[in-house]
Every structure is written in C-alpha cells, then in structure tokens.
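Here the structure is laid out as structure tokens; the discussion comes afterwards.
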Amino acid sequence: MPRPILATIDTQALANNLQQVRAGLQTPAALAQVAIWAVIKARGYGHGIDATVQAFASADGLAMLDFDEAVRVRELGWRGPILLLEGFFQPQDIALLQRYDLSIGIHSNEQLAMLEAAEVKQPINAFIKLNSGMHRLGFQPAEFLCAFARAQQLQKHGVLGELGKMTHLARADESLSASLQQLKIFQQLTSGLPGSVSVCNSAASLRPGFAAELRGQPQWVRPGICLYGSSPFADKSAQDLGLEPGMTLSSELISTHWVPAGAGVGYGHIFHAPQKMRIGIVACGYADGYPRHAATDTPITVAGVRTRLVGRVSMDMLAVDLSMLPDAQVGAPVVLWGRDGPSVDEVAAAAGTIGYELLTALSARVPRKLI
Ligand SMILES: *Cc1c(COP(=O)(O)O)cnc(C)c1O
C-alpha cells in the first residue's frame, strides 16, 4: 500500500494562469505585440513536463534548459518554438538543435565560436543575450554589438535563422527603478538592431508599468513562476494576482496521540507542549521535498482546518497541532500546500525560502496525479 502522500497537478489552473498573464499584458497600457515563452525548466517547476506541455498548449513557445526536457516536449507532439535559455554547451549539441528545431539563447563568445566552426543545414533561431546589470550570463555592454555582428554573419551563412535580443532582470520582484535602469542599458544598445526582444520574467510581466516601457517592439516575455500559481513578489500573494495553485501537496494523518504538558515533540525536542496537547503525525517529510527548515507555526491544513506544524520536520513525517481538531482521526486529509491549504509561498516564507525552491524540490518519490 502506498504512503498517502500525493502531488495533484491541476492543468486547468496552469492554463488559467497563462490566460491571466496574457490578459494582463494585453491591457491597453501594456504590450501590443506580445508573445509568451512559458518557462517550463526544472521539469515544469516540479509539475512535470507532460503536464505543462498539455496545460500551456496556447503558449507561443516553451522555454527550458535541458535537452532531455526539450526532446520530451517534441515527443509529446509540441510543434511550436522551443527556447533553450542557456543555449548549448558543446559542439556536438549543435546537431541536436537542428534535429529537434530548438532555438537558443547565445550568451558567450565560446558559443559563437562553436557555431562558426559547425556544419549547419537548418538555420537555428537565436536570442543574443546582453548582461544589462545582473552579471550572471550575457555579453558585456562593451562587447555586445560585436557579438551581434558575429551573429549576423552566421545568419548570412545560414547557420543562424531569426535573431532576437534578450536580457534578464536582477530585481524585477522588488525594484521598478533598478529594472528600468537595466532596461535603459538594454534599449540603448539594442534599439537600432533588428529582431524581437525578450526581457520580462514573471515579475516584470506582471508589472504593467514595466511592460509598457517596451511598447512598439515585438516582445517575447518569459514568465515562469506565476504560471504555477506562486507569486514572484514578497508583498503580493498569488491570490491577489488572480493566480491559482498548480500543485497541491496532500497527505493524511497516520497517527494521533496526546502528549503531557512540557513534553518535547520530535527530533531535538525543539518544541515543548505548553499544556496537555493532541498531536497528529503526517506522512510527509523532507525526503518528500517538504522543507526541513519550516519552523513551528508553519501553516498546514488538516480536515479543512488551518493549524500548524510543531517541532522539527523528519525525513518521512512531521507533527501537527490538533488542539483545534479534537475529532481528527488517522486518515484525516492534510494539505501541505496548494488548493484548500496554505499557499506554497506561505510555507516557503516560514522556511526562509521561496516558492520556486519548494515546487522544484518536490521529490521524485512523491506520486503525481494530473487533473
Ligand atoms: C527562469 C527564467 C525565467 C522565468 O523566471 P520566473 O521568475 O520564474 O518568471 C525567465 N528567463 C530566464 C532567463 C530564466 O532563467
């Protein structure tokens, strides 16, 4: 008999979130010509490639990092554009780009050199990436025009097809002015160059004021986390943004018992019962992807009632306070995060992390069910 833990993936919620993002970008103040790369890296932020390809059928393209994920997307019948955000890594990858018709981000001179040395029959579509201030990937401003000119040469020789320009924002979730500063650097360098632009992650896509700055240029936005019903902003919930949870992590009580006043609960006895107290044990632990750093008081829903985690999360189990659930028995349903439970962002905040980490760290041993 399997443990009762389950991750339910709601493809309708994922599809609704994509519609919600698109509607926001098409308000009069925002972008006229907008196409959406639905970002499905890290196995669709933990939701699974199959679920995301199905749910994001109306996206204009799908963006990810790994070749095996891109191949799976093609096997599932997706014929639209696929963007590999980090491009490729070795010369032998170039044959695969052609075989599976994959577009690439190009961020380094090493990648350009590999393309210059390659035999290419099918031109590869590419976005040339500028480091506009995040200082992670991308050509430095001083080398960008030279890199773009090399890419145009490759285009002339049939190695590259359509060329676009991209950059990535470091602080889109918390500073509009820092993002506008990056955008200014990007616009100054790229505005005279042909091709579409790709700038906005979730946070920038959800800020109409920012998107409006890009009016007039064909734009590919790259939302990820919001499509899964998690908020990119610390001060705005997914619900405030009209987003629905894509993943619900649920389990059941597998034990209930009373502990006397003063008793320590779980490893390290970091929680002591302030009075005689009823405790429930849930089949979910850090080996399932529930964060071990979640502290006592992290919200958790048992039989529809919001209660709290107590004590340290174990590998396979955690303890909950049943003080307000005198009748909850073994088998009572538990929602760790998602629909009818706390949001993944609330649990993440209680564990000192972000929803991205919890969703992508859901462990392989947790069965997934698509609805
Ligand atoms: C992950 C990623 C995104 C999506 O970011 P979210 O914050 O999840 O919306 C967009 N662009 C690039 C280059 C990325 O790596």
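Order of appearance sets the numbers: ligands from 1, and atoms from 1 within every ligand. These numbers were taken from a predicted model, which means no experiment stands behind them. Nothing fancy with the numbering, it's 1 onward along the sequence.
Looking only at side-chain heavy atoms (C-beta outward), Met247 and Tyr228 stay at 4.5 Å or farther from each other.
Short contacts between ligand 1 and Asn201, defined as distances under 4.0 Å to a heavy atom of the residue, involve ligand atoms 5 (O), 9 (O).
Between the choices Arg222, Glu86, Arg136, Lys41, the shortest heavy-atom distance to atom 14 (C) of ligand 1 belongs to Lys41.
Distances between N or O atoms of Val39 and those of ligand 1 include no value under 3.5 Å. Ligand 1 has a nitrogen or oxygen under 3.5 angstrom from a nitrogen or oxygen of Ile225.
For atom 8 (O) of ligand 1, the closest non-hydrogen atom of the protein is Tyr45 OH, 2.5 Å. Among all non-hydrogen protein atoms, the one lying nearest atom 9 (O) of ligand 1 is Ser202 OG, 2.4 Å. Considering only non-hydrogen protein atoms, atom 7 (O) of ligand 1 sits nearest to Tyr356 OH, 2.6 Å. Considering only non-hydrogen protein atoms, atom 12 (C) of ligand 1 sits nearest to His168 CE1, 3.4 Å.
Closest heavy-atom contact between Gln98 and Glu119: NE2-O, 3.7 Å. Scanning both residues, Thr307 and Val302, for their nearest heavy atoms gives CG2-CG2, 3.7 Å.
Remark: Asp68 engages Arg43 in a salt bridge (Lys or Arg N to Asp or Glu O under 4.0 Å) (not counting sequence neighbours).
Taking the six-membered ring where tryptophan is involved, the planes of Phe139 and Phe144 are perpendicular, since the angle between them exceeds 60° and thus also 30°.
Not a single heavy atom of Trp37 sits closer than 4.0 Å to an atom of ligand 1. Heavy atoms of Pro223 approach ligand 1 to within less than 4.0 angstrom.
Atom CD of Gln188 has more than 12 neighbouring heavy atoms from other residues, nucleotides or ligands inside a 6.0 Å radius.
Counting only residues at least two apart or on different chains, the side-chain hydrogen bond (donor to acceptor under 3.5 Å, both in side chains) pairs with a member in residues 323-336 are Asp321-Ser323.
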